[in-house]
Amino acid sequence: MLKGFFRKHGWNYIPGAILLILSTWLHTRSPIALGNAIELFAGSDYAAFAREAWRILWIALGVFVTRLSWRYFIIGTSREMEIYLRDKLFSHLEYLPIRFYGENRSGDLMAYAVNDVGAVRMTFGMVMAQSLSALTNIGFSVGEMAAGVHPSLTLFALLPVPVAIFFIIYIGRSVQTKFKTVQESFSNISGHVQENINGMRVLKAFAMEKQQYESYQAESDGMRKANLRLSYTSAMLSPVIQVLFGLCYAVGLVYGGRLVIEGEIGLGDYVAFNSYLTMIVQPVMSIGRIVNMLQRGLASYKRMAALMKEEETPVFDRTDDGRTIEGTIEAKNLSFTYPDGDREALKDVSFSIPKGGTLGIAGKTGSGKSTLFLLLTKLLPAQEGQLFIDGQDITSVPAASLRRAIGYVPQDGFLFNTTIEDNIAFFTGATHAEVECAACEAGLEKDLAIMPDGFNTVAGERGNHLSGGQRQRVALARAFVRNPSILLLDDTLSAVDTRTENRILENLRGELEGRTAVIISHRLSALKEADEILFMENGRVAERGTHEALLALGGRYAAMWTQQTEAEDEE
Ligand code: ADP
Ligand code: MG
């Protein structure tokens, strides 16, 4: 997943690591200089003392410069990595088949894009730097203490440190499991809030505010308890470490003090020793956090790697080979079963539409109508030998070429949170006049006239500033503006009143001129003019023929027609 990145930017870690080691080395020079200065001061050698004081200043400056530089190389590179990962993830998500989005929760995918990328970035930046810094710092300090001051003093004074490390890792692990619980309750709470905000209309309409508030409070209380448990455990760590390092200092004080009195070590050495002891408290304390963050980074990395392994749609399907699609469609015993479906959503459906022809499809919900459209747009894979476009098997027509020729209006008419104009033009580069024309054909002109900003009205999230019927008609205009050879309308006028529907159907007749169209509709009046109508039932074609033929047949279509026309007369 990161191979390409390391090939390009990985070298940055080398100067980063060298500078970091140099920086800690310099940093661990100052206690010696301090010890020397004290010895010289005690020996009243003021000129040499001043030189030593200068040296301390230069060391500080050196530490400052090297620290700044390693941060530039390591942290800077990890930020590059974050961008790289995010780009890669997004483009990967764009090219995954829609099947993938049926199987994964959008919340989880958002978490991947935000948290996991961040955790991986931290691992290859701050965490890596901190572990290297902690290791070298402890190494250099202990080395100086043992070699420069006194080996057995060092040994005895540091005896409590392994115990401290044991506690840090032990308590750290317990903190981690408790932290997980806190995070889970946090994600429950945010899920609860999100769902409440999205479904506020329904909640209010059913007067569920109080009930929702109470269940929220229960979750909130759970989070409070989890947080308290976490605090108790993590609060234990600091006192334990302090006591253990207190022991180190005590040994240093008693044993080291005796060595000074006996003249084994100088006063300066003694001061330096204590400075080193202070110096390693921080790195030792950070071990727990580093281990924890490494584990989290690793988990995130694994999750992302698994996601990146998901197969993208083949390149063949994404490459438009520039062919012209005339628009004849033929299905031969077309059948389809969803991967997790228990029965066939489509079964032995056959039809043939010449260029410019219109096929109407009616049938109850769940009879397989929308599935047919997903197959025609290659959003679902049809089996070889069942579906043909311009006489060619659809499996050998690149999806990109096919979709360029298709104007698809899905059932839910999803809009993007931008202006109506942009929603209609939809990256086709259509001029305003073209957008206006498409909007007019889709029967939007009256709605636009009463909207305060007309074409510049913003549709809102998922288009929720518009009514269902308006959304459908914007989606219809979006299909018209592409000037497609094939129009696929999935119950596009379900939320439109009869009068508007008739007007749009009137316009549609013009739009359908020379185009192949498949129209799904609950309202049979929209299908009347079609060359052939299929009446679907449980994925099969139950009845078929022209409107007149189906009426004459006197079957289900005819019954539905009578029912609908009577209802209309009552209106
Ligand atoms: P229609 O558009 O006629 O209402 P659909 O084509 O949407 O019907 O659905 C046909 C059948 O396929 C239904 O039984 C439905 O439950 C099933 N189905 C639809 N989408 C999926 C899916 N993503 N996974 C599994 N089954 C599905
Ligand atoms: Mg449907």
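Read the numbers this way: they start at 1 and go in the same order the structure lists the ligands and their atoms.
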- request: Report yes if some heavy atom in the side chain of T123 is under 4.5 Å from a heavy atom in the side chain of Y301; otherwise report no.
  value: no

- request: For atom 11 (C) of ligand 1, state which one of G366, G539, S367 supplies the nearest heavy atom.
  value: G366

- line: So CG of D321 and CG of L402: to nearest 0.5 Å the spacing works out to 10.5 Å

field: contact_flag G363 ligand 1 heavy-atom lt 4.0 Å
entry: no

task: Determine the interplanar angle of the F336 and Y338 rings, folded into 0 to 90°, and report it as parallel if under 30°, tilted if 30 to 60°, perpendicular if over 60°.
output: perpendicular

- request: For the pair D497 and T500, evaluate side chain to side chain donor-acceptor pair (under 3.5 Å) and give the outcome as yes or no after the intermediate values.
  value: CA-CA 6 Å; D497 62 275; T500 316; 2.6 Å; yes

- request: Under 4.0 Å, heavy atoms only, figure out whether ligand 1 is touched by the backbone of K364, its side chain, both or neither.
  value: backbone

message: Under 3.5 Å, is there a donor on one side chain and an acceptor on the other for D447 and Q470?
response: yes

- prompt: What's the spacing between F416 CZ and F427 CZ if we round to 0.5 Å?
  reply: 7.5 Å

message: I want to know if ligand 1 touches G341 in the polar sense, i.e. an N/O pair below 3.5 angstrom.
response: no

query: Distance under 6.0 Å and angle within 45° of the ring axis: does R318 meet both against Y95?
result: yes

- prompt: Please state the angle at the Mg ion (ligand 2) spanned by OE1 of Q411 and OG of S370: what is it, rounded to 10 degrees?
  reply: 90°

task: Look at atom 12 (O) of ligand 1 and find which of Y338, F373, F336 reaches it with the closest heavy atom.
output: Y338

message: Within ligand 1, which atoms have a heavy atom of R343 less than 4.0 Å away?
response: 14 (O)

field: For V458, the option from D453, T418, N417, D422 that meets side-chain contact (heavy atoms from CB on, under 4.5 Å)
entry: N417

- prompt: Quick check, are the ring centers of Y84 and H9 under 6.0 angstrom apart?
  reply: no

- prompt: Does atom 16 (O) of ligand 1 have any protein heavy atom closer than 4.0 Å?
  reply: no

message: Residue-level breakdown please: for D340 versus ligand 1, do any non-hydrogen atoms fall below 4.0 Å on the side chain, on the backbone, on both, or on neither?
response: side chain

message: Any atom of ligand 1 sitting under 4.0 Å from a heavy atom of R99?
response: no

Atoms in ligand 1 flagged as close to S370, the criterion being non-hydrogen separation under 4.0 Å: 1 (P), 2 (O), 6 (O), 7 (O)

task: Using a strict cut-off of 4.0 Å, indicate which atoms of ligand 1 neighbour a heavy atom of T371.
output: 5 (P), 6 (O), 9 (O), 10 (C)

message: Within ligand 1, which atoms have a heavy atom of T365 less than 4.0 Å away?
response: 4 (O)

- prompt: Does G357 offer a backbone N or O that forms a donor-acceptor pair with the side chain of E532 under 3.5 Å?
  reply: no

task: Could you establish whether G102 and ligand 1 come within less than 4.0 Å of each other, counting only heavy atoms on the residue side?
output: no

statement: Near A345 (heavy-atom distance under 4.0 Å), the atoms of ligand 1 are 11 (C), 12 (O)

